[in-house]
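So that the names make sense, note that chain A is the first sequence line, chain B the second, and so on, each numbered from 1.
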Amino acid sequence: MLKILVVCGNGLGSSFLMEMNINKVLKEIGAKVDVDHCDLTSAKGYKANIIVGTKDITSQLVGYAEVLVELNNILDIADMKNKVIEALAKFE
Amino acid sequence: MLLNEMLLIDRIKVNVEAKGWEEAIDIGGNLLIDQALIEKSYIEAVKQTLRSLGPYIVLAPGIAISHSRPENGVHKTCMSLIQLKEPVEFGHDTNDPVKVIFTLATTDKEAHLQSLRQLMSLMMVSEDLEVLFTAKDVDDIIEVINKHS
């Protein structure tokens with residue numbers, strides 16, 4: 001199963017909030033994907049296919065996952081949905 | 001913990017004046033420091049992370065969630081909310097300027113999750129989110145918080 005890792009600076013607040021809406025999007029599009037969240041340092045030792053984070057975070061994780069998804073606004077579900085669909089399409 | 005158990009009336013301020021992001025983070029943090037819920041070191045850690053990683057805590061237009069890790073000085077899981085009189089710049093490409101700042105502190109990785117779920121449900125209802133930006137009275141904010149707790 002594909003694995004999405006949601007990353008933020010501490011792995012406690014922002015990433016959990018993002019993960020909530022990503023799970024909502026995945027349910028909506030019917031995708032079966034593992035989702036987890038963690039902090040920036042732990043992310044570097046984690047095996048994930050897709051890493052999701054805000055720009056400050058993903059820019060430090062280049063090379064740590066096959067696909068990086070950059071989010072600007074965690075409340076913008078439509079944008080998140082487009083980006084997740086686009087990222088998942090790369091594994092089809 | 002429910003959102004309305006984290007975010008009590010004396011941890012919410014509207015129409016707050018701050019000159020820049022550091023002062024705004026301090027004001028939000030002081031609401032919790034003054035009640036001995038967190039240490040000053042916690043807020044210093046928030047600012048340090050922002051300086052080194054950038055303004056990633058500005059999660060949506062106008063909204064920042066100031067937070068760090070439990071080991072940086074948290075006595076009790078809690079949250080504060082300030083609404084700024086004039087929004088401040090955090091240096092975020094798309095979500096500046098920031099008008100609403102939550103300060104979140106948790107004693108462990110789980111204690112705050114229920115309240116974050118409830119906070120997300122509040123933020124996803126645009127008229128409720130709008131209240132956080134525009135309320136002149138803390139009671140109006142308490143009302144939307146209770147609605148989602």
Side-chain angles (χ1 to χ4, degrees), chain A residues 4-29 35-46 51-65 68-84, chain B residues 6 42 45-72 74 77 79 90-96 100 102-126 128-130 132:
Chain A
I4 295 182
L5 184 62
V6 188
V7 185
C8 77
N10 301 299
L12 288 168
S14 329
S15 54
F16 179 72
L17 287 166
M18 271 188 264
E19 184 185 346
M20 245 186 279
N21 278 354
I22 284 178
N23 280 324
K24 217 178 280 177
V25 164
L26 290 170
K27 200 173 165 196
E28 209 180 302
I29 63 177
V35 185
D36 201 358
H37 68 268
C38 75
D39 67 280
L40 181 57
T41 312
S42 318
K44 294 182 177 173
Y46 207 104
I51 286 179
V52 180
T54 55
K55 193 174 83 178
D56 310 310
I57 301 296
T58 54
S59 64
Q60 305 203 34
L61 289 169
V62 176
Y64 288 95
L68 294 173
V69 176
E70 187 185 306
L71 296 179
N72 295 318
N73 174 359
I74 64 158
L75 302 180
D76 188 346
I77 296 276
D79 174 65
M80 194 180 274
K81 189 172 165 182
N82 287 338
K83 285 175 175 166
V84 167
Chain B
M6 298 268 284
Y42 186 80
V46 170
K47 291 189 285 186
Q48 186 49 46
T49 308
L50 274 167
R51 285 186 212 107
S52 62
L53 289 181
Y56 79 95
I57 63 164
V58 186
L59 293 179
I63 305 172
I65 300 189
S66 165
H67 63 294
S68 183
R69 299 183 63 82
E71 61 268 29
N72 292 324
V74 180
T77 300
M79 202 188 290
F90 272 70
H92 194 284
D93 289 346
T94 53
N95 296 339
D96 267 346
V100 170
F102 295 92
T103 304
L104 166 71
T106 178
T107 51
D108 62 61
K109 291 178 91 162
E110 308 290 334
H112 62 310
L113 297 182
Q114 184 182 26
S115 64
L116 282 187
R117 276 191 205 97
Q118 294 172 339
L119 177 60
M120 181 57 97
S121 101
L122 186 162
M123 292 194 294
M124 293 305 289
V125 179
S126 51
D128 290 345
L129 181 59
E130 189 62 22
L132 304 186

Under 4.5 Å from any heavy atom of chain A - which part of [X]:
| X | result |
| --- | --- |
| B/Leu50 | neither |
| B/Leu119 | neither |
| B/Leu53 | both |

**OP:** Could you tell me which of B/Ile65, B/Asp93, B/Leu59 has the largest number of non-hydrogen atom pairs under 4.5 Å with chain A?
**Re:**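 Option with the top pair count is B/Leu59.
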Original post:
For the candidates B/Leu104, B/Thr94, B/Ile63, B/Leu116, which exhibits the highest count of non-hydrogen atom pairs separated by less than 4.5 Å from chain A?
Top reply: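 Answer, by heavy-atom pair count under 4.5 Å with chain A: B/Leu116.
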Original post:
Can you list the residues that meet the side-chain hydrogen bond (donor to acceptor under 3.5 Å, both in side chains) rule with A/Asp76, with sequence neighbours excluded?
Top reply: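 Checked A/Asp76 against side-chain hydrogen bond (donor to acceptor under 3.5 Å, both in side chains); zero matches.
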Original post:
Hey, does the side chain of B/Asn95 reach the backbone of B/Val58 with a donor-acceptor pair shorter than 3.5 angstrom?
Top reply: yes
**OP:** Below 4.5 Å from any heavy atom of chain B, which atoms of A/Ile77 appear? Answer side chain, backbone, both or neither.
**Re:** side chain
Original post:
By a 4.5 Å heavy-atom criterion (distance strictly below it), what part of A/Ile57 contacts chain B: side chain, backbone, both, or neither?
Top reply: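 Just its side chain gets close to chain B.
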Subject >> Heavy-atom closest pair, residues B/Val74 and B/Arg69 >> reply: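 Smallest interatomic distance, heavy atoms only, reads CG2-O, 4.2 Å.
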Original post:
Any side-chain heavy-atom pair from A/Val35 and A/Leu26 closer than 4.5 angstrom?
Top reply: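 Sidechains of A/Leu26 and A/Val35: in contact.
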Subject >> A/Lys55, NZ: over 12 other non-hydrogen atoms inside 6.0 angstrom >> reply: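 Atom NZ in A/Lys55 is not crowded, with 12 or fewer foreign heavy atoms closer than 6.0 Å.
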**OP:** Could you list all the side chain to side chain donor-acceptor pair (under 3.5 Å) pairs where at least one residue sits in residues 108-118 of chain B, not counting sequence neighbours?
**Re:** B/Thr106-B/His112
